[in-house]
Amino acid sequence: MTATTTHPSGTPLAPEAAKPKKQKKAKVRTIGRNPVMTGVWNTVAMGVALVMAFPIYWMILTTFKTNKDLISQDPTFWPSAFSFDSYKTIFDDKEFLPSLQNTLIITVGAMLLGLAVGFLAAVAVARFKFRGRSFFIVTMLVVQMVPLLAIIIPLFVVMNKAGMTGSLFGVILAYLVFTVPYVIWTLRSFIVNIPAELDEAAMVDGCTQWGAFFRVILPLTLPGLITTGVYSWIQAWNEFIVANTLLASSGAKTSMMWLTFYSTTPTRGADYGSQMAGGLLVSLPVIILFVFFQKKVSAGLTAGAVKG
């Protein structure tokens, strides 16, 4: 005989309903790391890092070696005595500092002008609809795929007819060919991710379109501006072909031109210490800039990668 349970209202309940059902415990699958494989991959990563860092180590080490260590048949992984003669040789060269100054002027000018033109164009592409907008966006991507050697002759012809060959300003304008498309393509994704309602809310509060641009779009696009500015700096600083083509008639040199011609001269061709010192000094501004803005560059690369 089965017993029935009565509801407080007086309605009898079925025996099955009277007994609470036991809930099955969900199996929780824990994902852990295999300590053996973790150690293996860490070892592989350390090996790759050492292989990639060894050329830099050898380059820095060579700048401090004496002539005896440099011409020794057996390579030495640590100098027997430290010498600064290689750096002294570089700074004694009368063309080193002027070429470094020319590179700084060209790089800063190309970066600032490229950011100004590219940023305004990116805002226009991202915020306004016009005929040929999609074609313009695709063109910016295609331009970045064209090798620089393919446009160097037409670029020289245009700049020569404009009378801008042999001048630093002409090189700055020529560098816009590869900096502006990159800036437009990169900053467009940042601006697309900024809701247009923020611009409208700013204008409702009394801002003009320029006021909304400076108060809303510009601050929110700052990570993208830093990212594109750093990469534009690196491209302009390390460029050799355009500068060598446009500045050949004036005799002015950039740091890359100076380093190339310095290492091929008969008197300095075998002076590996001074060559490495020159290469290190020329590369040092780019390395410092990238290390200083490393976090902002990493944030900028992912901030505009949601959509667009």
Side-chain angles (χ1 to χ4, degrees), residues 106-155 158-159 169-199 209-210 212-243 245-246 256 286 289-290 292-308:
I106 293 174
T107 303
V108 173
M111 182 190 67
L112 294 180
L113 193 57
L115 285 178
V117 176
F119 187 30
L120 295 177
V123 173
V125 172
R127 281 290 189 261
F128 303 103
K129 294 182 179 180
F130 52 89
R131 184 177 297 178
R133 177 169 170 262
S134 300
F135 176 77
F136 178 80
I137 296 173
V138 175
T139 303
M140 292 297 101
L141 181 61
V142 172
V143 168
Q144 298 182 68
M145 300 169 61
V146 177
L148 189 60
L149 288 173
I151 62 174
I152 187 63
I153 295 178
L155 185 62
V158 172
M159 299 301 292
F169 184 68
V171 179
I172 293 175
L173 292 181
Y175 280 1
L176 298 182
V177 173
F178 55 84
T179 57
V180 169
Y182 172 78
V183 173
I184 295 175
W185 180 261
T186 306
L187 291 183
R188 173 187 165 272
S189 60
F190 286 90
I191 300 171
V192 166
N193 291 326
I194 300 174
E197 289 78 7
L198 295 178
D199 302 357
Q209 285 189 344
W210 282 107
F213 170 78
F214 285 108
R215 294 174 182 270
V216 178
I217 298 179
L218 184 59
L220 294 177
T221 323
L222 188 60
L225 286 171
I226 295 175
T227 303
T228 52
V230 169
Y231 278 98
S232 298
W233 177 289
I234 294 174
Q235 286 182 337
W237 186 276
N238 295 330
E239 205 283 322
F240 169 77
I241 299 176
V242 174
T245 304
L246 297 181
M256 286 298 165
V286 176
L289 183 72
F290 193 83
F292 186 75
F293 290 104
Q294 182 181 6
K295 293 183 179 180
K296 294 185 180 296
V297 170
S298 301
L301 289 174
T302 56
V306 179
K307 64 178 181 178

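- By the side-chain contact (heavy atoms from CB on, under 4.5 Å) test, M159 pairs with L155, M164, T165, L173, L246, sequence neighbours left out.
- Sorted by first and then second residue, the side chain to side chain donor-acceptor pair (under 3.5 Å) pairs involving residues 213-224 (not counting sequence neighbours) form an empty list.
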With a 3.5 Å cut-off and sequence neighbours excluded, list the donor-acceptor pairs that the side chains of residues 113-123 form with protein atoms.
none

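- Every residue two or more places apart in sequence or in another chain that forms a side-chain contact (heavy atoms from CB on, under 4.5 Å) with S232 is listed here: M111, T179, Y182, V183.
- Considering every non-hydrogen atom in both A110 and L176, the closest pair reads O-CD2, 4.0 Å.
- Scanning all heavy atoms of the two residues, the minimum distance from S189 to N193 falls at O-ND2, 2.9 Å.
- For I152, the side-chain contact (heavy atoms from CB on, under 4.5 Å) partners are I241, V242, T245, not counting sequence neighbours.
- The salt bridge (charged side-chain N to carboxylate O under 4.0 Å, His left out) contacts involving residues 217-241 comprise nothing, where partners must be two or more places apart or lie in separate chains.
- The ring pair (Phe, Tyr, Trp, His ring centres under 6.0 Å) search around W237 returns W233, not counting sequence neighbours.
- Sorted by first and then second residue, the pairs that involve residues 125-151 and meet salt bridge (charged side-chain N to carboxylate O under 4.0 Å, His left out), not counting sequence neighbours, are R127-D199.
- The two residues F214 and P219 have their closest heavy-atom pair at O-CD, 3.3 Å.
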Item checked: V143 vs V180, side chain to side chain contact (heavy atoms under 4.5 Å, CB included): CA-CA, chis, key distance, verdict -> CA-CA 10 Å; V143 168; V180 169; over 6 Å; no

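- For F135, the CZ atom is loosely surrounded, since the number of other residues' heavy atoms within 6.0 Å does not exceed 12.
- In this structure, OG1 in T227 is found 9.5 Å from CG in L222, a value given to the nearest 0.5 Å.
- Under a cut-off of 6.0 angstrom, the local environment of CZ in F240 is crowded, with over 12 non-hydrogen atoms contributed by other residues, nucleotides or ligands.
- Residues satisfying the side-chain contact (heavy atoms from CB on, under 4.5 Å) criterion with F136, sequence neighbours excluded, are V125, M140, I184.
- Distance check: L112 CG to I172 CD1 gives 9.5 Å after rounding to the nearest 0.5 Å.
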